[in-house]
**Q** 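The structure follows.
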Amino acid sequence: MKKRLIASIMAVVLATGLLAGCGGSDSSQGSASQGEDVKEEEQQAPAEPQQAETTEATGEDVTIKVAIWDYTSTEYYKTMFDAFQTAYPNITIEIVEFTSDEYDTVITTQLGGHQDFDVVFMKGTPSLASLINQGHVYALDDLLASDESFDAGAYAGLVEALSLEGHTYALPFRYDNNLLFYNKNLFDAAGVAYPEDGMSMEEYHALAKQMTSGEGNDKVYGALVAQWVGNAYMYAARTEEFVFDDPSTYEALIPYYKEILAMQEEGIIYDYGMLKTSNLHYTGVFYKQQTAMLQMGTWFVNNLFENVQDFEWGVCSMPNNVGMGNENCIGGVTPVSIGAYAKHPAEAWQFIKFVCGEEGAKTLASCGVIPAYSLGAVGEIFDAAPETYPGAPDNLSEYLSCEKKVIEQPMNAKGGEIATVLEEENSAIMTMSVTPEEGVQNMIDRVNAILGE
């Protein structure tokens with residue numbers, strides 16, 4: 001290889017120093033302090049989106065800086081980036097790595113200081129919307145218009161979903177549909193039929209109750225609802241009863257919260273407070289066969305592939321109260337953008353188009369990771385999974401591309417602030433500090449206030 005992949009692992013030194021300067025707030029789920037920082041920056045946002053000065057790559061030897069999290073521990077990044085270097089030997093990649101938990105805060109601080117990142121991976125749409133309003137990423141309109149080889153239709157509407165006020169600022173890298181994972185062996189041992197598409201929440205509750213057994217350390221829970229707010233609202237978001245940035249839809253959450261709280265009170269799902277305060281992680285719980293069902297994003301497929309289990313597992317669509325089967329997918333997008341202070345925007349575009357396109361999609365699929373790019377071969381790769389990964393289902397492709405891909409958190413300039421409110425009120429509801437009705441009303445009032453500012 002003519003050029004080496006330069007791994008500048010700066011996580012510990014940079015993150016520690018920068019976080020000390022901004023109060024050390026934890027932004028992994030969006031913190032209140034981060035929301036305040038974003039609001040202050042928004043007032044300084046440029047009137048017009050910035051476009052790259054050039055759309056033509058020179059072909060000369062250049063080094064592009066790529067900001068990303070958890071590069072060291074993620075094999076598919078290395079595989080994909082090596083493939084890019086082979087295809088574009090004149091472009092060297094310099095990795096600037098940060099920790100996952102602090103990534104949003106650190107990347108905002110770095111770009112606030114005009115760091116010359118050519119490529120910026122982002123953890124979701126709230127992060128992207130915030131950086132757009134701060135003027136820290138380029139609009140891709142000119143690059144898209146000048147590139148006849150690019151086909152936005154290959155992303156099933158996700159490119160358009162990453163637009164704000166008529167301008168596109170990122171390409172979608174991953175799209176993680178949320179599914180109900182289940183342990184086939186536990187169901188077989190109990191003589192209970194597997195979960196099915198189109199279950200109501202009441203049927204889900206009853207099934208979890210059937211699958212709960214044992215006591216103490218030997219207890220097997222019927223299900224696990226992870227502690228993040230998305231794991232509570234995702235059921236209604238998939239059916240579009242609930243829309244993240246539309247408070248008029250929030251009351252649809254009340255019956256879902258009531259069912260989940262009833263399951264918690266009966267001891268058939270893990271207690272929210274315990275999950276928040278303990279080091280118990282959903283992966284270990286599922287691996288150790290301590291839960292029969294788990295609602296989680298399709299990133300968990302990669303975990304299961306990398307940690308082959310001695311039991312068989314399956315997936316189906318999430319339960320809901322409107323009788324929807326597998327028509328809609330619901331999940332988050334991982335966007336990739338060009339930094340507004342990039343030295344090599346045209347080469348950054350070549351990189352983004354590669355990792356978010358067909359070649360990147362094949363690499364992701366081969367590692368059990370769901371790409372945003374819609375490609376027929378991707379489904380074939382996943383359906384062949386049992387040949388390589390014993391215990392995996394042979395119908396995964398049915399759940400990777402649905403009739404409609406719903407974005408969990410639509411693009412909104414105040415998405416980070418909204419996420420913070422929902423997380424705080426979710427905690428109050430799940431710890432029974434407030435009733436579902438009170439907590440949802442608090443969500444409505446607080447988010448309306450944010451949107452009205």
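Keep in mind that the numbers below use all heavy atoms, side chains included, and drop hydrogens, waters and symmetry copies. All figures in this text were calculated on a predicted structure; none of them were measured in a lab.
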**Q** Test of understanding: with ring pair (Phe, Tyr, Trp, His ring centres under 6.0 Å), list the residues that count as partners of Phe311, not counting sequence neighbours.
**A**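 Phe286.
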
**Q** Is the distance between the ring centroids of Phe242 and Tyr256 under 6.0 Å?
**A**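 Aromatic pair excluded; centres sit 6.0 Å or further apart.
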
**Q** Side chains of Ser427 and Tyr272: is there a donor and an acceptor less than 3.5 Å apart?
**A**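 A pair is found: one side chain offers a donor N or O, the other an acceptor, under 3.5 Å apart.
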
**Q** Can you tell me how far the CE atom of Met274 sits from the CG atom of Leu280, to the nearest 0.5 Å?
**A**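 Answer rounded to 0.5 Å: 5.5 Å.
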
**Q** Roughly how far, to the nearest 0.5 Å, is CZ of Phe351 from CD1 of Ile64?
**A**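 The distance works out to 5.5 Å.
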
**Q** Could you go through Asp445 and Gln441, starting from their C-alpha distance and side-chain angles, then the distance that decides it, and tell me whether this counts as side chain to side chain donor-acceptor pair (under 3.5 Å)?
**A** CA-CA 6 Å; Asp445 294 342; Gln441 188 59 53; 2.9 Å; yes

**Q** Quick check: closest heavy atoms across Val229 and Asn426, and the distance to 0.1 Å?
**A**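 Taking every non-hydrogen atom into account, CG2-CB, 3.5 Å.
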
**Q** Considering non-hydrogen atoms only, spot the tightest contact between Gly357 and Tyr155 and give its length.
**A**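 Nearest heavy atoms, Gly357 then Tyr155: CA-OH, 3.7 Å.
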
**Q** Do the side chains of Tyr169 and Leu131 get nearer than 4.5 Å, heavy atoms only?
**A**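 No, their side chains stay 4.5 Å or more apart.
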
**Q** Do the non-hydrogen side-chain atoms of Tyr250 and Leu422 ever get within less than 4.5 Å of each other?
**A**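 Of all side-chain heavy-atom pairs linking Leu422 with Tyr250, at least one is under 4.5 Å.
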
**Q** Is there a side-chain contact between Leu171 and Val336, using heavy atoms and a 4.5 Å cut-off?
**A**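 Side-chain contact under 4.5 Å: no.
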
**Q** Under the 3.5 angstrom rule, does the side chain of Thr388 hit a backbone N or O of Ala384 as a donor-acceptor pair?
**A**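 Flag not set: sc Thr388 to bb Ala384 has no pair under 3.5 Å.
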
**Q** Going by ring pair (Phe, Tyr, Trp, His ring centres under 6.0 Å), name the residues that satisfy it together with Phe173, two or more places apart in sequence or in a different chain.
**A**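 Phe173 satisfies ring pair (Phe, Tyr, Trp, His ring centres under 6.0 Å) with Phe121 once adjacent residues are dropped.
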
**Q** So do the side chains of Tyr76 and Ser366 get within less than 4.5 Å of each other, counting heavy atoms only?
**A**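 No; the side chains remain at least 4.5 Å from each other.
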
**Q** Which atom names give the shortest non-hydrogen contact between Ser317 and Asn326, and what distance separates them?
**A**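 In terms of heavy atoms, the two residues are closest at CB-OD1, 3.9 Å.
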
**Q** Ignoring hydrogens and angles, state whether a donor on the side chain of Glu347 or Tyr88 is under 3.5 Å from an acceptor on the partner side chain.
**A**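 Distance-only check fails for Glu347 and Tyr88.
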
**Q** Within the side chain of Asp118, is there an N or O that forms a donor-acceptor pair under 3.5 Å with the backbone of Lys343?
**A**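 The answer is yes, because a donor-acceptor pair under 3.5 Å joins these two groups.
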
**Q** Around atom CD of Gln115, are there more than 12 heavy atoms from other residues, nucleotides or ligands closer than 6.0 Å?
**A**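 Yes, because the 6.0 Å sphere around CD of Gln115 holds more than 12 heavy atoms from other groups.
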
**Q** Taking the side chain as C-beta and beyond, is there a heavy-atom pair between Val406 and Arg238 under 4.5 Å?
**A**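 Of all side-chain heavy-atom pairs linking Arg238 with Val406, none is under 4.5 Å.
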
**Q** Take Val119 and Ile68, measure what side chain to side chain contact (heavy atoms under 4.5 Å, CB included) needs, and give me the verdict at the end.
**A** CA-CA 9 Å; Val119 176; Ile68 200 166; over 6 Å; no

**Q** For residues 151-166, pull every pair meeting salt bridge (charged side-chain N to carboxylate O under 4.0 Å, His left out), keeping only residues two or more places apart or in separate chains.
**A**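 Output for this query is empty, none listed.
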
**Q** Check whether any side-chain N or O of Glu97 sits under 3.5 Å from a backbone N or O of Tyr71 as a donor-acceptor pair, and report yes or no.
**A**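 Yes; judged by distance alone, with no hydrogens or angles, the pair exists.
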
**Q** For the residue pair Gly415 and Pro126, what are the closest heavy atoms and their distance?
**A**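 Heavy-atom minimum between the residues: C-CB, 3.9 Å.
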
**Q** Drop me the distance from Phe354's CZ to Phe84's CZ, to the nearest 0.5 angstrom.
**A**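 Atom-to-atom, Phe354:CZ and Phe84:CZ are 7.5 Å apart.
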
**Q** Taking only residues two or more places apart in sequence or in another chain, which ones pass ring pair (Phe, Tyr, Trp, His ring centres under 6.0 Å) with Tyr399?
**A**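 Scan of Tyr399 (ring pair (Phe, Tyr, Trp, His ring centres under 6.0 Å), adjacent residues dropped) gives none.
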
**Q** Keeping the roles fixed (side chain from Asn328, backbone from Thr239), state whether a donor-acceptor pair exists under 3.5 Å.
**A**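 Flag not set: sc Asn328 to bb Thr239 has no pair under 3.5 Å.
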
**Q** Keeping the roles fixed (side chain from Thr125, backbone from Gln409), state whether a donor-acceptor pair exists under 3.5 Å.
**A**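 Yes, the answer is positive, given that a donor and an acceptor are paired below the 3.5 Å cut-off.
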
**Q** State whether the side chain of Asn231 and the backbone N or O of Gln295 hold a donor-acceptor pair below 3.5 Å, judged by distance alone.
**A**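 Flag set: sc Asn231 to bb Gln295 pair under 3.5 Å.
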
**Q** Test side chain to side chain contact (heavy atoms under 4.5 Å, CB included) on Gln264 and Asp271; report intermediate values, then the result.
**A** CA-CA 6 Å; Gln264 177 175 272; Asp271 180 76; 3.7 Å; yes

**Q** With a 3.5 Å cut-off and no angle check, do the side chains of Asn178 and Tyr235 form a donor-acceptor pair?
**A**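 No, Tyr235 and Asn178 have no side-chain donor paired with an acceptor closer than 3.5 Å.
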
**Q** Could you tell me the separation between the CG atom of Leu128 and the NE2 atom of His136, rounded to the nearest 0.5 Å?
**A**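 Leu128 atom CG to His136 atom NE2 measures 12.5 Å (nearest 0.5 Å).
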
**Q** Quick one: CD on Glu408 to CE on Met234, what's the gap to the nearest 0.5 Å?
**A**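 It comes to 3.5 Å.
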
**Q** Salt-bridged, Asp104 to Lys123, with N to O below 4.0 Å?
**A**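 No, no charged N to carboxylate O under 4.0 Å.
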
**Q** Do the side chain of Gln85 and the main chain of Ile91 share a donor and acceptor less than 3.5 angstrom apart?
**A**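 Such a contact is found between Gln85 side chain and Ile91 backbone.
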
**Q** With side chain to side chain contact (heavy atoms under 4.5 Å, CB included) as the criterion, how do Met430 and Lys276 come out once you've worked through the C-alpha distance, each side chain's angles and the decisive distance to 0.1 Å?
**A** CA-CA 11 Å; Met430 291 303 299; Lys276 287 283 284 187; over 6 Å; no

**Q** Counting distance only, does the side-chain N/O of Thr249 pair as donor-acceptor with the main-chain N or O of Val243 below 3.5 Å?
**A**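 Present.
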
**Q** So which heavy atom on Ala226 is nearest to which on Met296, and how close?
**A**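 Heavy-atom minimum between the residues: CB-CE, 4.0 Å.
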
**Q** Parallel under 30°, tilted from 30 to 60°, perpendicular over 60°: which one fits the rings of Tyr389 and Phe305?
**A**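 Parallel, since the angle between the ring planes stays under 30°.
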
**Q** Less than 4.5 Å apart, side chain to side chain, heavy atoms only: is that true for Tyr221 and Met293?
**A**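 A side-chain contact under 4.5 Å is absent here.
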
**Q** Over all heavy atoms of both residues, which pair between Ala170 and Leu162 is shortest? Give the atoms and the distance, please.
**A**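 Nearest heavy atoms, Ala170 then Leu162: O-CD1, 3.9 Å.
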
**Q** Quick one: does Trp313's side chain get under 4.5 Å of Asn183's, heavy atoms only?
**A**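 Result no, sub-4.5 Å side-chain heavy-atom pair not found.
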
**Q** Just do the side chain to side chain donor-acceptor pair (under 3.5 Å) check on Thr298 and Asn177 with the steps written out, would you?
**A** CA-CA 5 Å; Thr298 46; Asn177 183 25; over 6 Å; no

**Q** May I ask you to decide if His167's main-chain N or O and Asp141's side chain share a donor-acceptor pair within less than 3.5 Å?
**A**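 Flag not set: sc Asp141 to bb His167 has no pair under 3.5 Å.
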
**Q** Side chain to side chain contact (heavy atoms under 4.5 Å, CB included) between Phe244 and Tyr233: does it pass, once the steps are laid out?
**A** CA-CA 9 Å; Phe244 174 78; Tyr233 69 58; 3.9 Å; yes

**Q** As an exercise, state the distance from CG of Leu179 to CG of Leu396, rounded to the nearest 0.5 Å.
**A**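 Leu179 CG to Leu396 CG: 8.5 Å, rounded to 0.5 Å.
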
**Q** Considering residues at least two apart in sequence or located in another chain, which fulfil the salt bridge (Lys or Arg N to Asp or Glu O under 4.0 Å) criterion with Lys353?
**A**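 With neighbours one apart ignored, the set is Asp147.
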
**Q** Cys329: what forms a disulfide bond (SG atoms under 2.5 Å apart) with it, not counting sequence neighbours?
**A**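 Listed in chain order: Cys402.
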
**Q** Any side-chain heavy atom of Thr108 sitting closer than 4.5 Å to one from Gln134?
**A**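 The answer is yes, as the side chains (C-beta and beyond) meet within the 4.5 Å cut-off.
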
**Q** Do the side chain of Lys78 and the main chain of Thr72 share a donor and acceptor less than 3.5 angstrom apart?
**A**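 Yes, Lys78 side chain to Thr72 backbone: donor-acceptor pair under 3.5 Å.
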
